[in-house]
Amino acid sequence: MKHPSSDDLEIVARIRAGDKESFSALVEKYSQRVFQSCMGFLHDTDEAADLTQEVFVKVFEKLGDFRGEASFSTWLYRITLNMALNHSRKLKLKRFFYRFSEDGQRPELQLTNDSSADSGIIREEQRQLIRKCVDKLPAMQRKAFILNHYQDMSNSEMASVLRLSLKATESLLFRARSRMKTELKKSLNPEIWSVSNTNKQ
Amino acid sequence: MECKQYEQAIAGLTEGVISKETLLAHLQACSSCRMLYNAWAFAGEVIADEKSAQVSPFIHTRIMANVGKRAQGAHGWLQGVALARVALVWFALVAGLFGGWWVDGFNHDDGKQAVYIDYFYTDRMSIESGWLNNDFYEE
Ligand SMILES: [Zn+2]
């Protein structure tokens, strides 16, 4: 049986020989997974779709640099992670300025007497806090965390993408989870975290 | 046992050190660990939601249009063809409105082709919502 990555190499060879349409097969095969990683960094479907497009255009342009030392998918995910990380940094800056641009004030959580409105707002606040915790992870931990939790990637696959040993990858993932827990703990404000839990249970 | 150890267990950083029963008993008594427990569980839900998001059905067409544009470069003569493209899209819209029979014959690929052409000649991503919300694209 042929290894799936050898199919990718054949496709890459066809594209390099001038058959641009063959690129379509790679897009078909990997766009959802690339999108999932982008979601882990950007937390927004439109932003993630735009970045998915940018990643594939970049991959197409850089295909000449692909030496086949790693599998095509490993190479693709490396490009995705680096572009997503850069993009999320730019986005963070953009959002920072956007936040202050309207009235120069940081929007505070507004609580009303309506309990359903409260829980909706608080739920969203909780989501934002969780996204911030993911975003606060140091670059390598964040990459590992996203590959593991958004792509269900095995430790050995992650090790190839991150160019680490298996042991170092496992340790990185452990530190990512531990840091995530620490960040989450720091965000534990009873006003925000008690409400939904009583609603949920 | 200290809260720190329970926190480790909540985040899945230790296995088999604390039994489920012991943990649940602690959660009943300790509001801070209970909050972390609920927050951790909710983090799992948020991540699962984001992870299950599906990429736009147009992404393939968008990418291939962009790749096509990069590969060929922008040529002046293509602008003339762009006019024909506008006419073609409008013809498709009008024909779709007036002919149910035509709707049946309008397959997925034709729709994608028209969107492809739009992406190729313009960078207007808003075209997606137009296609997603019109009847022709439904099968
Ligand atoms: Zn405790």
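Letters go in sequence order (proteins before strands), and every chain restarts at 1.
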Measuring from atom CE of Met64(B) to atom CZ of Phe23(A), what distance do you get when rounded to the nearest 0.5 angstrom? 7.0 Å

For residues 54-68 of chain A, dump all side-chain donor-acceptor pairs below 3.5 Å to protein atoms at least two apart in sequence or in another chain.
| from | atom 1 | to | atom 2 | distance (Å) |
| --- | --- | --- | --- | --- |
| Glu61(A) | OE2 | Arg70(B) | NH1 | 2.6 |
| Arg67(A) | NH1 | Gly64(A) | O | 3.3 |

Please flag which part of Gln36(A) lies under 4.5 Å from any non-hydrogen atom of chain B: side chain, backbone, both or neither. side chain

Taking every heavy-atom pair that is under 4.5 Å apart, which of Gln32(A), Met180(A), Arg177(A), Arg127(A) has the most such pairs with chain B? Gln32(A)

Could you tell me which non-hydrogen atom of Phe35(A) sits nearest to which non-hydrogen atom of Gln54(B), and how far apart they are? CE2-C, 3.6 Å

Write down the atom of Ala49(A), the atom of Ile59(B), and the distance for their closest heavy-atom approach. O-CD1, 3.3 Å

Over all atoms of both residues, closest heavy-atom pair of Arg131(A) and Val46(B): NE-CG1, 4.3 Å

Lys20(A) and Gly68(B) have their tightest heavy-atom pair at NZ-CA, 3.6 Å

If you look only at distance, which donor and acceptor atoms sit under 3.5 Å apart when one is on a side chain in residues 7-30 of chain B and the other is two or more places apart or in another chain?
| from | atom 1 | to | atom 2 | distance (Å) |
| --- | --- | --- | --- | --- |
| Glu7(B) | OE1 | Lys185(A) | NZ | 3.4 |
| Glu7(B) | OE2 | Lys185(A) | NZ | 3.1 |
| Gln8(B) | OE1 | Lys181(A) | NZ | 3.2 |
| Ser19(B) | OG | Thr22(B) | N | 3.1 |
| Ser19(B) | OG | Thr22(B) | OG1 | 2.6 |

Decide yes or no on side-chain contact (heavy atoms from CB on, under 4.5 Å) for Asp50(A) and Arg62(B), but give the supporting numbers first. CA-CA 9 Å; Asp50(A) 286 349; Arg62(B) 267 171 70 168; 2.5 Å; yes

State the CG-CG distance between Asn38(B) and Leu188(A), to the nearest 0.5 angstrom. 9.5 Å

Within residues 153-175 of chain A, which positions have a heavy-atom distance to chain B below 4.5 Å? Phe174(A)

Honestly, the part of Val67(B) sitting under 4.5 Å from a heavy atom of chain A is both

Look at Ile130(A), Thr52(A), Val34(A) and state which one has the largest set of heavy-atom pairs under 4.5 Å with chain B. Ile130(A)

Could you work out, with ring pair (Phe, Tyr, Trp, His ring centres under 6.0 Å) as the rule, every residue matching His87(A), not counting sequence neighbours? none

Quick one: do Ile47(B) and Phe145(A) satisfy side-chain contact (heavy atoms from CB on, under 4.5 Å)? Show the steps, please. CA-CA 11 Å; Ile47(B) 290 169; Phe145(A) 187 86; 3.7 Å; yes

Between Leu184(A) and Ala43(B) the two heavy atoms that sit nearest each other are CD2-CB, 4.4 Å

Quick one, Gln151(A) with Lys51(B), criterion side-chain contact (heavy atoms from CB on, under 4.5 Å). Give me CA distance, side-chain angles, the key distance, then yes/no. CA-CA 8 Å; Gln151(A) 280 211 18; Lys51(B) 186 182 151 192; over 6 Å; no

Let's test your reading of the structure: which of Cys38(A), Gly40(A), Ser178(A) forms the most heavy-atom pairs below 4.5 Å with chain B? Ser178(A)

Thr45(A) portion near chain B, given a 4.5 angstrom heavy-atom threshold: side chain

Ignoring hydrogens and angles, tell me if any N or O in the side chain of His60(B) forms a donor-acceptor pair with the backbone of Ser24(A) under 3.5 Å. yes

At a heavy-atom separation under 4.5 Å, does Ser32(B) approach chain A through its side chain, its backbone, both, or neither? backbone

